[in-house]
Amino acid sequence: MPVARPEQQQPRVIAHVDMDCFYVQVEQRRNPALRGQPTAVVQYNDWKGGGLIAVSYEARGFGVKRSMRGDEAKRVCPGINLVQVPVARDKADLNLYRSAGSEVVAILASKGKCERASIDEVYLDLTDAAKEMLLQAPPDSPEEIFMEAAKSNILGLPSDASEKEKNVRAWLCRSDADYQDKLLACGAIIVAQLRVRVLEETQFTCSAGIAHNKMLAKLVSGMHKPAQQTVVPSSSVQDFLASLPVKKMKQLGGKLGSSLQDDLGVETIGDLLSFTKEKLQEQYGVNTGTWLWKIARGISGEEVEDRLLPKSHGCGKTFPGPKALKNSTSVKGWLDQLCDELSERIQSDLNQNKRIAQTLTLHARASKENERDLAKKFPSKSCPLRYGTGKIQEDAMKLFESGLQDFLESQNTGWIITSLSVTASKIFDIPSGTSSILRYIKGHSPAASPAIPDSSSVPEDPSLGDVP
DNA sequence: TACGGTCACACT
DNA sequence: TAGTGTGAC
């Protein structure tokens, strides 16, 4: 599944910034009494105290894990504060965390190309900024910033010494360093500066990795947490990867990683070096085989995309065990709720970002009554997206009915639904400037079934004739 | 499948 | 294309 990209030839400076237990920090900012205390964020709490989705470092000290339920967390850490995710329309509402994530992205995007990788992670391409710093102001910056940079962890530097910070300062300023290391040192200073700004302006701490590509930056951003950063000089890459367990590598946490272990006996990334490119390609196909061969050597050409906003919006909910939905009426009720939220989210995307979504997709999970038939999957269905809550609800229900027909294959058995979700995708920018939003929408919609917003979502423009 | 709700992306 | 599957957090 992963695929190799042609690698850049000139050295780049890439950072991966990762917010520390982000949802907890958002709640701690809202309620400062929670600061410094064992805290976790849970969603729902009627069943075993709810599921943990973020855990503070104090709570982790007690052995609290993200895979636990609230009750279990209370058992290992009786003093823990469990904060509930807001609920709206009878489902978890993550908007608070989404907007907090946007605050952070707005700051991080100021120094170079910035890619929102998830609600609490970004990649930065700091190559140009680092080169510029190197050109005019060799590693020497305001003491406040340099102090933060001096706390960096440099992979391959002796870290146990009491002299650590002195060593790091020396590394950052080393005049005999090669060009690549000097760029990384500048990157480390820039990232330190950004992290200080994030803290000052949002009260959130984050950790970061700085390296020559995304893969390495991502690998180390979580190595020293919380509120720290880690640098990967080229000279330390091979030793680092040699002992890295395959499962730690992004993309190898699942079946592919298991296959490497079980089928090839590969336990660490270093073990991969003993396989030829041809052997890996034979085992996993040209694309994945080539990718594996490269990552074993620390090579990754994946670029940082210039994207601050998500490419799709989805709303979903699971109905586990006895909560499963058993008839069309309850499905309709929940679908209406999900579509209501989705409609609100794409409407604010349109208003705030001038972006429009073109496809509506419905996903569901289903089982047939009393039967052990786990194999048959409920098919996903999609259609052109029409703006307006009512339209979305209507279309989503039609998609469900169509999917249900395929699922049942004209058998007359009962069914239950254990999860539902609706997603808006194929989101495009509306070119700013000339003419109105409507002209664009009408002119560029699929001919067969145009995604024309209803009058409640986008005002009609009477001056506009029919589309060309 | 009682690890939820969202995301991205490769493949066909 | 629409739909499937994997993987991450």
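Protein chains get the first letters and strands the later ones, always in sequence-line order, with residue 1 at the start of each.
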- Item | Candidates A:Thr318, A:Asp46, A:Thr418 - the one meeting side chain to side chain donor-acceptor pair (under 3.5 Å) with A:Lys323 | A:Asp46

- Write down the distance between NZ (A:Lys214) and P (C:dG7), rounded to a whole number of angstrom. 18 Å

- Nearest-angstrom distance from the residue atom CG of A:Leu360 to P of C:dT1: 16 Å

- Could you tell me whether A:Leu256 contacts a base, only the sugar-phosphate backbone, or nothing, with contacts defined as non-hydrogen atoms closer than 4.0 Å? sugar-phosphate

- Message: Using a heavy-atom cut-off of 4.0 Å across all strands, would you classify A:Ser382 as base, sugar-phosphate, or nothing?
- Response: sugar-phosphate

- Query: Is the shortest distance from a Lys or Arg side-chain nitrogen in A:Glu148 or A:Arg195 to a carboxylate oxygen in the other one below 4.0 Å?
  - Reply: yes

- Message: Checking A:Asp263 against A:Ser259: is there a side-chain donor and acceptor pair closer than 3.5 Å?
- Response: yes

- Task: For A:His363 and C:dA2, give me the distance from atom NE2 to atom P, rounded to whole Å.
- Result: 12 Å

- Task: Would you classify A:Lys65 as touching base, sugar-phosphate or nothing, given that sugar-phosphate means primed atoms plus P, OP1 and OP2, and contacts are heavy atoms under 4.0 Å?
- Result: nothing

- Strand contacts (DNA chain C) in residues 243-254 of chain A, 4.0 angstrom heavy-atom criterion: A:Met249, A:Lys250, A:Gln251, A:Leu252, A:Gly253, A:Gly254

- Query: With respect to A:Gln229, which candidate in A:Ser221, A:Ser207, A:Ser152 satisfies the side chain to side chain donor-acceptor pair (under 3.5 Å) definition?
  - Reply: A:Ser152

- Item | Letter per nucleotide, 5' to 3', of nucleotides 5-12 of chain B [B base touched, S only sugar-phosphate touched, - untouched; heavy atoms, 4.0 Å] | SSSSBSS-

- Using atom CZ of A:Phe378 as one end and atom C1' of C:dT4 as the other, report the distance to the nearest whole Å. 15 Å

- Test item: A:Val17 and A:Leu194 side chains (from C-beta on) under 4.5 Å apart, heavy atoms: no

- Message: From C-beta outward on A:Ser380, which listed nucleotide comes closest to its side chain: C:dG5, C:dG3, B:dC3?
- Response: C:dG3

- Distance, rounded to the nearest Å, where A:Arg66 contributes CZ and C:dC9 contributes P: 8 Å

- Message: Check this one for me: any side-chain N or O of A:Lys255 less than 4.0 Å away from OP1 or OP2 of C:dA8?
- Response: no

- Message: Could you tell me if the side chain of A:Ile295 sits less than 4.5 Å from the side chain of A:Met215, heavy atoms only?
- Response: yes

- State whether the side chain of A:Ser348 and the backbone N or O of A:Glu344 hold a donor-acceptor pair below 3.5 Å, judged by distance alone. yes

- Message: If you compare every side-chain N and O of A:Lys218 against the phosphate oxygens of C:dA8 (OP1, OP2), does one of them come in below 4.0 Å?
- Response: no

